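Below is one structure, written out as structure tokens; comments come after it.
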Amino acid sequence: MIPIIILKFVGFLSRKRIGAIMESKRQQKFGRQIQKDLSDIFQKEFKEIFGKAMVTITDVKMSPDLSAARCYLSFLLADDVDQIMDELDVRNKAIRNALAIRIRKQARIIPHLAFYLDDTAAYAAKIEALFEGLVIPPSDGIPSEEL
């Protein structure tokens, strides 16, 4: 009897924690729409900001009331990422205006945009390099074929 109660309590805690982290379907759908429209805007209207660099919008996280969007960007072949991020902050109002023209019939509120650098690819490459440089000596008791 006691293990069942504990399992139910643990299940309740995990569901509550997951629900707080996950976005609703509405947030996810609207985030995907913002991601698609921003990629179009960056390719067609604001390509001078990026120069030779290629930008990828890796993720868009929406606030529960859909009034704020956190856009995570990744860059390839970029000389100065900080300069690009500063330029995006300077032109944030113009980018939001271009987004408003595209989604004005679909959204009641045009979300405020916040751009963040997504460095997960660089972090993964750093971890991969650490694993490649790691030397693990074979153990004496277990033959190497069994590993």
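Keep in mind that what you see is a predicted model, and the values were worked out from it rather than measured.
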Problem set entry | Any I103 side-chain heavy atom under 4.5 Å of D37 side chain | yes
Exercise. Between D118 and S74, do the side chains contain an N or O donor and an N or O acceptor separated by less than 3.5 Å?
Worked result: no
Exercise. Okay, side chain of Q35, backbone of I57: is any donor-acceptor separation there less than 3.5 Å?
Worked result: yes
Exercise. Are Y116 and I84 connected in the hydrophobic side-chain network, where two residues link if heavy atoms are under 4.5 Å apart?
Worked result: no
Exercise. Do the side chains of V81 and F42 join up, straight or via other hydrophobic residues, at under 4.5 Å, putting them in one cluster?
Worked result: yes
Problem set entry | Inter-residue atom distance E23.CD - F30.CZ, 0.5 Å rounding | 12.0 Å
Exercise. Are the charged groups of E48 and R91 less than 4.0 angstrom apart, N to O?
Worked result: yes
Exercise. Linking I/L/V/M/F/W/Y whenever their side-chain heavy atoms sit closer than 4.5 Å, directly or via other members, would L117 and F115 fall into one cluster?
Worked result: yes
Exercise. Quick check: does any side chain N or O of Q27 sit under 3.5 Å from a backbone N or O of K61, one acting as donor and the other as acceptor?
Worked result: no
Problem set entry | Validation row: L66, I109 side chains within 4.5 angstrom (heavy atoms) | no
Seminar exercise, completed: Rounded to the nearest 0.5 angstrom, the CZ-OG distance for R108 and S67 is 13.0 Å
For this session: Group every Ile, Leu, Val, Met, Phe, Trp and Tyr by side-chain heavy-atom contacts under 4.5 Å, then state whether Y72 and F46 land in the same group.
Result: no
For this session: Check the hydrophobic clustering (I, L, V, M, F, W, Y; side-chain heavy atoms under 4.5 Å; chains of links allowed) and say if M85 and V60 are grouped together.
Result: yes
Exercise. Counting only N and O atoms by type, is there a donor-acceptor contact under 3.5 Å from the side chain of Q83 to the main-chain atoms of D80?
Worked result: no
Exercise. Any side-chain heavy atom of P111 within less than 4.5 Å of one from I34?
Worked result: yes
Problem set entry | Side chains of I49 and E87 in contact at under 4.5 Å (non-hydrogen atoms) | yes
Problem set entry | Sequence-distant partners of R70, side chain to side chain donor-acceptor pair (under 3.5 Å), two or more places apart | none
Exercise. Once you round to the nearest 0.5 Å, how far does NZ of K93 lie from CG of L113?
Worked result: 13.5 Å
Exercise. Just how far is it from atom CD1 of I101 to atom CG of N97, taken to the nearest 0.5 Å?
Worked result: 5.0 Å
Exercise. Do NZ/NE/NH1/NH2 and the carboxylate oxygens of E45 and R102 come within less than 4.0 Å?
Worked result: yes
Problem set entry | Side-chain touch Q33/K29, heavy atoms, less than 4.5 angstrom | no
